[in-house]
Amino acid sequence: MNTFRHHSASRVGRGAIAIVLAAAALTAASAPASSAVFAPSLSWQRQLPARIQLSSPTIADINGDGENEIVVGDLEGWVHVYRGDGAGELPGWPQQALVDGVHATAIDSAPAVADLFRDGKKEIIVGATSVWIPNQQGGLVVFDANGHLRWHWQGTDYITIWGATSFRHDGFTEGAIATPAIGDIDGDHYPDIVFGTLEAKIHALDRNGHEISGFPYQADDTVWSSASLYDSDHDGRMEIFIGSPSTGGGPQPHMGGTMFALDWRRHKVRQMWRQNIAETIDASPAIADIDGDGRAEIITTTGWAFSNAHSRMIWAWHLDDGSPVRGWPVDTGSINPGSIALGDLNGDGRPDVVAGGWDGRVRAYTGRGHKIWDADAFAGQHRRLKLEGSLTIADTDGNGRQDVIVAADNQMMILNGHNGAVMANKLGTGVAYFNAAAVGFLDGSWSLVLAGFRGGNPTPESSPAATGQVSVYRLGNAVQRADWPMFRQNPSRQGRIATVAAKLMTPWQCGQNITASATHAGASRHRVSNGAVANRVRCGPFPFILG
């Protein structure tokens, strides 16, 4: 088995995606230049001694006071929880990810936030490992809202992931570079934690850190993809949809990548279906009914290990049987290493698919695979760089339309979701962003949160000058909706949306509703599948909801 052949130290997971961080400048495009017309105001910034490299920021109410905080991890293993007004961190924070209970482990995973115990209190769940920081134990940690470690989980010593990768056991365990997804897998009405690891396994842990019977599931290769969760057969248990490389010698004789659809039944993990393609699936998939046929679909980009025609594709399969969706895959013409984002860009009430490419362009497609626009994210600038971060979708200027926030190696840009024109650029200039931005309500205003490191092109990522930075920009109070407001869409990181919901309190914005029991929200109220309850008071952007 040639596992990890393509995952050398020059490849890392972007929270869940293997990426090359040394971005090379590309030749200028022939597309007409666009000028920025929208300038969000900088609210505050924080400098960190350690790099925030791949960990995407999470916006959620951590301590239950009705105000949102920002959660992010860095490469010294610190988990930070910043107040929305910029006045430092919450009491008890930051805390280090002590996978073995003693030593800190670098964090490239995006933190997940959920009420694991259904007691109205939040937990922060963080995967811990990085191919950039050698000789560390890999695993996962769970904190309570006050920064106390609830429990830690450690992987197995499977391979060597630093330098010249090999199957040599080096005394260090492989952990979760992917972002954990939180949802009820076994039907006990409590959230579980699902994640893939660099030990080529897919794990599901219960709220106390115990492996659910039947897990771990053996993948074909090291897992960089984050799982998407959804109860596709309506049996009260969420199924797992996750990508993996497949480089031969594993459970299946295939070279390329595999999308797995897994279902837990009677203490066993059943493979519902799988789809093999000729390129690794390192990206994190997303779930939605993109074509309006009443069936949910799973959509993903790939990787670039084999650099063939499949490397340029965006793929879509039906959740129930894995059959291809009409109009897909689409050939974008470029490798698209960052995970897709979903949002209604054209106003037809259905999620559209957006991806960024190595050619510095962003492309949007309808659910039928028809191109909406193909935009140069660096229009009006002297050079373009590879786009390797993930995208965020939100109404940033208050006009009611969704916009696309693009991460790059030297700035953030905002594109008009209707036509792809550049609305704003050079946000957070001089900082490298290989993750995704977040949009949410902070300190009385809709805000845009960027987290990255001072380094990148042309400063080497390994340079001591590559320190971390968190920046918060005010968007004002006219923002009406955020369809994909952060990496994996919400703090539970389930990676799914469907049809536009009206007048719903969103669980990621209204802390009291996150996976709360019926008694917390009122037993007589209708509850939708993501934990939100119907309410006449809007306290967050309207999400897409899967019924």
Exercise for the section: Would you please indicate yes or no on a ring centroid separation below 6.0 angstrom for Trp358 and Trp304? Expected result: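 They qualify: ring centres under 6.0 Å apart.
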Practice task
For Arg326 and Asp291, run salt bridge (Lys or Arg N to Asp or Glu O under 4.0 Å): C-alpha distance rounded to whole Å, both residues' side-chain angles, the deciding distance at 0.1 Å, then the answer.
Solution key: CA-CA 9 Å; Arg326 187 175 67 178; Asp291 58 1; over 6 Å; no
What is the distance from atom [atom1] of [X] to atom [atom2] of [Y], rounded to the nearest 0.5 Å?
X	Y	atom1	atom2	answer
Thr160	Phe172	OG1	CZ	9.5 Å
Asp483	Ile393	CG	CD1	7.0 Å
Leu342	Arg350	CG	CZ	14.5 Å
Trp315	His310	CH2	NE2	3.5 Å

Between [X] and [Y], is any side-chain donor less than 3.5 angstrom from a side-chain acceptor?
X	Y	answer
Asp220	His254	no
Tyr217	Gln271	yes
Arg454	Gln469	yes
Asp231	His234	no

Any donor-acceptor N/O pair, [X] side chain to [Y] backbone, under 3.5 Å:
X	Y	result
Gln96	Val102	no
Thr392	Ile405	no
Asp282	Gly303	no
Ser225	Ile242	no

Problem - With sequence neighbours excluded, residues passing ring pair (Phe, Tyr, Trp, His ring centres under 6.0 Å) with Trp153 - result: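 If we apply the ring pair (Phe, Tyr, Trp, His ring centres under 6.0 Å) test to Trp153, skipping adjacent residues, the hits are Phe195, His203.
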Practice task
May I ask you to check if Arg207 and Tyr190 form a cation-pi contact, with NZ or CZ under 6.0 angstrom from the six-membered ring centre and within 45° of the axis?
Solution key: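 That pair qualifies as a cation-pi contact.
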Exercise for the section: May I ask you to establish whether Arg150 and Phe117 are in a cation-pi arrangement, using a distance under 6.0 Å from NZ or CZ to the six-membered ring centre and at most 45° from the ring axis? Expected result: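 Relative to the ring axis of Phe117, which defines the angle, Arg150 lies inside both limits.
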Nearest heavy-atom neighbours spanning [X] and [Y]:
X	Y	value
Glu174	Glu199	CB-N, 3.7 Å
Arg384	Phe378	CG-CB, 3.2 Å
Met238	Ile185	O-CD1, 3.5 Å

Exercise for the section: Determine, step by step, whether Arg488 and Ser390 satisfy the side chain to side chain donor-acceptor pair (under 3.5 Å) criterion, reporting the C-alpha distance in whole Å, the side-chain angles of both residues, the deciding distance to 0.1 Å, and the verdict. Expected result: CA-CA 10 Å; Arg488 313 301 293 138; Ser390 296; over 6 Å; no
Practice task
May I have the step-by-step check of salt bridge (Lys or Arg N to Asp or Glu O under 4.0 Å) for Lys122 and Asp115, ending in yes or no?
Solution key: CA-CA 5 Å; Lys122 307 298 190 315; Asp115 180 1; over 6 Å; no
Handout entry: Verdict with supporting geometry, Thr258 and Asn276, side chain to side chain donor-acceptor pair (under 3.5 Å)
Key = CA-CA 5 Å; Thr258 300; Asn276 291 334; 2.8 Å; yes
Problem - Short N-O contact, Asp374 and Arg361, less than 4.0 angstrom - result: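 Salt bridge between Asp374 and Arg361, a charged N being under 4.0 Å from a carboxylate O: yes.
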Exercise for the section: Walk me through it: do Gln53 and Ser130 pass the test side chain to side chain donor-acceptor pair (under 3.5 Å)? Expected result: CA-CA 10 Å; Gln53 191 151 280; Ser130 173; 5.0 Å; no
Problem - Candidates Ile290, Ile314, Ile299, Ile372 - the one meeting side-chain contact (heavy atoms from CB on, under 4.5 Å) with Tyr365 - result: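 Only one of Ile290, Ile314, Ile299, Ile372 forms a side-chain contact (heavy atoms from CB on, under 4.5 Å) with Tyr365, namely Ile314.
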Exercise for the section: Check Asp233, Asp289, Asp321 against Arg295 for a salt bridge (charged side-chain N to carboxylate O under 4.0 Å, His left out) and give me the one that passes. Expected result: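 The passing option is Asp321.
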Problem - Test log, rule side chain to side chain donor-acceptor pair (under 3.5 Å), inputs Thr173 and Gln137 - result: CA-CA 5 Å; Thr173 58; Gln137 305 294 349; 3.2 Å; yes
